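All ligand and atom numbering here is 1-based and tracks the order in the structure. Everything quoted here is computed from the prediction, not taken from an experiment.
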Amino acid sequence: MTNGMPDVDRSAASRAAVAARRARAAVKQAVRAGDRSARDVAQVAWRDASSPEAGLRVPELLMSLQGFGPVRTADVLDRLAISPVKRLGGLGPQQRQRLDDWLRQRDEARGAGRLVVLAGPTAVGKGTVSAYIREQHPDVLLSVSATTRPPRPGEIDGVHYFFVNDAEFDRMIADGELLEWAVVHNRSRYGTPRPPVQRALDDGRSVLLEIDLQGARQVRETMPEALLVFLLPPSWEELVRRLIGRGTESPEEQARRLETARVELAAQDEFDELVVNDEVRRAAQEVVDLLIVPSDGVRPPGRAGSGATTTGAGPH
Ligand code: 5GP
């Protein structure tokens, strides 16, 4: 006998603990497999305080949801003001209400928002198109990237970028806070903070990422449901004109830029949709149309089957 408990009782208690753990694991597995909704699990927990559901910790329930890891779970718990040590059965009435509302909204919003990546060659006008969308369509979340490059005059921290130092960028990578990141132009690091994107999608809002090609490729791997849009210049000659500009660069620099553009344009085949930036307003509208999920939930076919725009530039 130890701790004042007879040995027979101790072994019965540990058998019961093992059985309870198994029952909780089965609940999580059912949610993970999509056989049970998280909301149903919560309702059972709140009806029956002695159920396995009631013994489930809230983060365990959230982590059983598709696409939920530690970072996203911590973010949601923070928003709901629920401590990560809480079990479902131990939540107060207001916490129950907040969690239930969140789960319900999540069910309703699922599939309503879409993640669209806008990429394209240097100088094609991605920034202008996305700035137009930011102004005209505040319902779309235009992701604000983190970068290690210093701000340019007029750029505001938290609006144009989150300007961070190398140590902070390292920390964001280590903590899994970035959806994608890349070294751009061999200089600074740029990355997409994950929590705001996930939050918007959870709320049924569409999200636009204006990022470079390396980042677009990472998003295609990690979020295959994202729609990849490639912005094209009206013609190769026009891109050359925009790149070379007033011709103030040396011939070597001009040649380097053209070679970069040629390589970047070759990536267009990897994208779902091509949009020609002949006129900012029109191109932006085309991107906005792609951000809206059709009511039947079916994504318009990608370029393979859709006869997508073929009038864009190609290096000749
Ligand atoms: P700039 O320094 O001129 O603002 O941006 C340089 C390049 O970085 C642009 O091509 C832009 O698309 C890219 N970029 C901006 N934010 C991100 C990001 O979060 N991830 C990646 N991969 N590229 C980014």
In residues 157-164, what donor-acceptor pairs under 3.5 Å come from side-chain atoms, sequence neighbours left out?
| residue | atom | partner | partner atom | Å |
| --- | --- | --- | --- | --- |
| Asp157 | OD1 | Phe163 | N | 2.8 |
| His160 | ND1 | Ile156 | N | 2.9 |

Would you tabulate the side-chain donor-acceptor contacts of residues 126-135 under 3.5 Å, counting partners in other chains and residues two or more places apart, or write 'none'?
| residue | atom | partner | partner atom | Å |
| --- | --- | --- | --- | --- |
| Ser130 | OG | Lys126 | O | 3.0 |
| Ser130 | OG | Gly127 | O | 3.3 |
| Ser130 | OG | Glu210 | OE1 | 3.3 |

*Shell of residues surrounding ligand 1, defined by a 4.0 angstrom heavy-atom cut-off that is strict*: Lys126, Ser145, Arg149, Arg152, Tyr161, Glu180, Ala182, Val184, Tyr190, Gly191, Thr192, Glu210, Ile211, Asp212, Gly215

*Pair Glu264-Thr122, side-chain donor/acceptor within less than 3.5 Å*: yes

*Are Gln43 and Asp100 linked by a side-chain donor-acceptor pair shorter than 3.5 Å?*
yes

*asked:* Check this for me: does any side-chain nitrogen of one of Asp170 and Arg189 sit under 4.0 Å from a carboxylate oxygen of the other?
replied: yes

*Residues two or more places apart in sequence or in another chain: which of them pass ring pair (Phe, Tyr, Trp, His ring centres under 6.0 Å) with Trp46?*
none

